[in-house]
Amino acid sequence: MRFSNTLLLLILCFLVIIWTVRSVPPLPPVRCDQTGCTVSNAYDVWPDRKNCNAANVTYPATEEELVKAVAYASEHNLKVKTVTKFSSTIPKLACPSGSDAILISTSKYNSAVEIKPDRLTVTADSGVSLRELIDKVEAAGFSIGTSPYWEGVSVGGLISTGSHGSSWSGRGGSVHDHVVGINLVVPATSSEGYAKVVSIVEGRDNELINAVKVSLGVLGVISKVKLSIEKAFKRSITYNFTSDVALEDTFMEHGKKFEFGDITWYPSRKTAVYRYDLRSPADVSGSGVNDFIGFQSNAILISKGVRALEKALETSKSENGKCKTADTTLAYKKLTGNGLKNNGLFFTGYPVIGTQGKLQSSGSCLYSSSLRVDVSCSWDPRYNGLSFYETTAMFPVSRFRGFLLDVKKLRDFKPERLCGIDIYNGILIRFIKGSKAYLGQTEDSVVIDFNYYRADDALTPRLNQDVMEEMEQMAFVKHGAKPHWGKNRKMGFFGVKQKYGPNFDKFLEVKNKLDPKEMFSSEWSDEILFGRESSKYDGCALEGIACVQKIDIVALPMVTSVDQALFIHKLGFADSPRLKFK
Ligand SMILES: Cc1cc2nc3c(=O)[nH]c(=O)nc-3n(C[C@H](O)[C@H](O)[C@H](O)COP(=O)(O)OP(=O)(O)OC[C@H]3O[C@@H](n4cnc5c(N)ncnc54)[C@H](O)[C@@H]3O)c2cc1C
Ligand SMILES: *[C@@H]1O[C@H](CO)[C@@H](O)[C@H](O)[C@H]1NC(C)=O
Ligand SMILES: *[C@@H]1O[C@H](CO)[C@@H](O)[C@H](O)[C@H]1NC(C)=O
């Protein structure tokens with residue numbers, strides 16, 4: 001406690017002394033010079049820590065220009081990947097193959113947002129940002145039913161990886177299940193001009209739409225997305241910070257009872273934060289805003305300081321220090337309602353009521369700020385801010401209780417070992433409805449997210465690495481969870497093809513039809529899509545890179561924390577001499 005508080009205090013003093021005027025929006029993901037271009041993700045570090053290169057990038061601003069760009073690639077037999085303004089996806093899905101590959105960026109393809117009040121739909125160019133889409137829909141008196149919690153995403157990019165919020169009601173918490181139409185630009189024959197627009201409509205082209213909704217960018221470039229909308233509504237949110245006793249018995253009822261409910265579980269703190277989140281009529285008063293703490297601007301010095309502290313605790317193997325930090329963080333979240341602001345400025349008490357548009361997503365660190373300090377998103381790569389892994393697993397509802405009980409068992413051995421997760425956002429538990437998307441969740445599911453420390457270099461093991469890996473393996477192997485396509489370390493994608501069964505083949509059939517030359521494939525996206533192993537190199541296992549010889553998911557043993565080291569060994573993960581298990 002003394003250590004962390006002193007450091008934070010020092011940082012604060014430092015901050016007050018060098019008060020300057022500057023706000024820093026995120027770095028653009030595509031950077032070019034005379035020799036070519038590179039594309040990175042928002043964290044500026046891919047899972048394999050290697051750069052991704054491409055020969056060239058184009059910035060179409062209209063559908064016509066988009067078609068031209070795809071035609072150019074198709075005519076010249078070039079590999080292509082679509083990139084966005086945000087590149088918020090962790091896995092290397094947007095990385096094209098080969099030195100002559102081109103990137104098509106949607107960052108300037110963002111002008112059209114067309115609302116049809118009588119049909120209850122909105123159609124947007126794929127490069128439109130989620131925030132702009134939400135604001136335009138709300139300004140016209142409507143709401144979008146669901147969205148990811150993070151607004152630093154584009155319309156085309158967010159559906160491509162299956163992004164979601166939380167809801168078992170209506171069309172559900174996954175945005176792709178609100179999609180009713182898509183325009184997709186695909187390669188074509190020379191007589192067709194090398195590229196064409198395929199217009200896909202729900203109800204008419206079901207095979208196509210089920211494939212394209214969640215398609216990881218490998219079917220073509222999504223040009224326009226049509227979403228179903230509803231009349232504007234408000235929400236009323238209360239967080240209940242309480243005990244995690246009986247969480248395994250309450251999560252299901254919670255998901256059913258609260259239309260937008262979720263639960264944040266801090267296992268080491270034995271705390272569950274239930275989000276009571278229900279729809280309210282549009283005429284109820286309340287101008288609340290959700291400015292989620294984790295997505296707020298941070299003074300760069302604070303982010304640096306927090307990272308420095310975390311590193312110091314890692315180096316000194318201080319579980320206790322991490323637990324104190326987790327306590328402080330949790331207390332701060334409780335005090336500030338996790339970033340909810342009743343009047344848009346301060347948190348004054350529950351419930352916080354506001355429009356769907358102001359509560360469904362947030363990301364204030366994306367924008368310039370009038371704060372008189374250097375601020376950025378806390379993970380901004382330029383300032384040695386936070387660096388972490390993210391594991392996101394989607395469980396069929398019936399499997400989730402078992403996982404939860406296993407984590408509780410693991411926690412009960414030694415709760416301190418999970419503090420490293422709780423200094424981030426614990427385990428976020430969300431609810432999504434079954435989907436028809438071939439690469440979506442086939443049944444009603446529970447999704448968990450947890451973040452944990454990532455070292456600056458690949459060969460540094462993490463404190464309690466085995467605990468986090470055990471959770472990861474219990475989720476993906478023992479309890480059969482599917483990985484979120486937009487997150488996870490590569491290990492999470494092992495055997496993903498088998499998990500999707502016949503739907504996976506249906507997806508590939510559509511892929512063969514739309515992109516027979518595999519222009520939109522690359523070794524990077526194939527590794528994710530097919531859950532393929534990567535080549536071995538020293539330390540690859542530390543990074544959760546899928547560097548195994550051979551794996552048969554069905555034959556894997558059940559995991560218990562006792563046989564953890566053995567299990568890792570069986571997977572071939574113990575190839576680094578510096579990886580030691582206690
Ligand atoms: C801080 C943070 C918080 C997040 N929170 C959530 C959350 O709450 N819920 C959730 O589900 N996810 C969340 N995510 C993940 C995020 O929603 C997904 O990674 C999403 O896909 C990112 O969208 P993007 O526009 O940045 O697309 P990118 O990351 O740039 O692209 C994603 C993929 O889609 C392809 N693609 C992009 N645009 C097109 C197009 N027009 N046509 C064809 N292919 C295209 C790309 O080639 C790539 O394969 C979060 C991510 C971050 C960084
Ligand atoms: C980049 O692509 C554009 C077409 O979009 C082309 O006109 C230009 O010559 C290309 N530049 C290089 C260096 O290949
Ligand atoms: C919070 O949850 C507990 C049960 O864990 C319950 O007893 C209590 O009434 C809840 N508080 C509110 C404000 O609903």
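Start at 1 and go down the list; that is how both ligands and their atoms are numbered. Sequential numbering from 1 along the given sequence is applied to the chain's residues. Every heavy atom of this structure was used, including side-chain atoms; hydrogens, water molecules and symmetry mates were not.
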Got the closest protein heavy atom to [atom], with its distance?
atom: atom 5 (O) of ligand 3; result: Thr242 OG1, 2.9 Å
atom: atom 3 (C) of ligand 1; result: Trp150 CB, 3.1 Å
atom: atom 14 (O) of ligand 3; result: Tyr276 CE1, 3.4 Å
atom: atom 29 (O) of ligand 1; result: Thr89 OG1, 2.7 Å
atom: atom 24 (P) of ligand 1; result: Thr84 OG1, 3.7 Å
atom: atom 9 (N) of ligand 1; result: His164 O, 3.0 Å
atom: atom 6 (C) of ligand 1; result: Lys487 NZ, 3.5 Å
atom: atom 34 (O) of ligand 1; result: Ser160 CB, 3.2 Å
atom: atom 41 (N) of ligand 1; result: Ile222 O, 3.0 Å
atom: atom 21 (O) of ligand 1; result: Thr161 OG1, 2.6 Å

Indicate yes or no: does [X] engage [Y] in a salt bridge with an N to O separation below 4.0 Å.
X: Glu259; Y: Arg279; result: yes
X: Asp244; Y: Arg269; result: no
X: Lys433; Y: Asp444; result: no
X: Arg532; Y: Glu527; result: no
X: Asp48; Y: Lys490; result: no

Examine ligand 1 and decide if any of its atoms is less than 4.0 Å from a heavy atom belonging to Lys85.
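For ligand 1, residue contact (heavy atoms, under 4.0 Å) with Lys85 is absent.
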Near [X], which atoms of ligand 1 are under 4.0 Å from a heavy atom of that residue?
X: Ser87; result: 26 (O), 28 (P), 29 (O), 30 (O)
X: Phe86; result: 26 (O)
X: Tyr43; result: 1 (C), 52 (C), 53 (C)
X: Trp379; result: 1 (C)
X: Gly220; result: 43 (C)
X: Leu216; result: 49 (O)
X: Phe295; result: 1 (C), 3 (C)
X: Ser126; result: 41 (N)

Has Tyr350 got any heavy atom lying under 4.0 angstrom from an atom of ligand 3?
no
Do [X] and [Y] form a cation-pi contact, if we require the NZ or CZ to be under 6.0 Å from the six-membered ring centre and within 45 degrees of the ring's axis?
X: Arg49; Y: Tyr43; answer: no
X: Lys334; Y: Tyr239; answer: no
X: Arg489; Y: Tyr389; answer: yes
X: Lys497; Y: Phe530; answer: no
X: Arg235; Y: Phe260; answer: yes

Show the numbers, then the answer: is there a ring-ring contact (aromatic ring centres under 6.0 Å, His included) between Tyr438 and Phe504?
CA-CA 6 Å; Tyr438 293 151; Phe504 196 89; over 10 Å; no
Test item: protein heavy atom less than 4.0 Å from atom 7 (O) of ligand 3:
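It does not: no protein heavy atom is found less than 4.0 Å away from atom 7 (O) of ligand 3.
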Would you check if the side chain of Ser105 reaches a backbone N or O of Ser107 as a donor-acceptor pair within less than 3.5 Å?
yes
Any donor-acceptor pair under 3.5 Å linking the side chain of Asp380 with the backbone of Arg382?
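Present.
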Quick one: does [X] get an N or O within less than 3.5 Å of an N or O on ligand 1?
X: Tyr149; answer: yes
X: Thr106; answer: no
X: Val83; answer: no
X: Ser88; answer: yes
X: His484; answer: yes
X: Gly157; answer: yes

Looking at His164 versus His176, is the centre-to-centre ring distance below 6.0 Å?
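Ring centres of His176 and His164 not closer than 6.0 Å.
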Does the separation of the ring centres of Tyr452 and Phe388 fall below 6.0 angstrom?
no
Between Gly217, Gly486, Ser163, flag the one that comes closest to atom 16 (C) of ligand 1 by a heavy atom.
Ser163
Would you check the N or O atoms of Asn240, main chain and side chain alike, for any that come under 3.5 Å of an N or O of ligand 3?
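It does: an N or O of Asn240 is found under 3.5 Å from an N or O of ligand 3.
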Given Tyr274, which partner from the list Thr250, Thr242, Asn240 fulfils the side chain to side chain donor-acceptor pair (under 3.5 Å) test?
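Among the candidates, only Thr250 passes.
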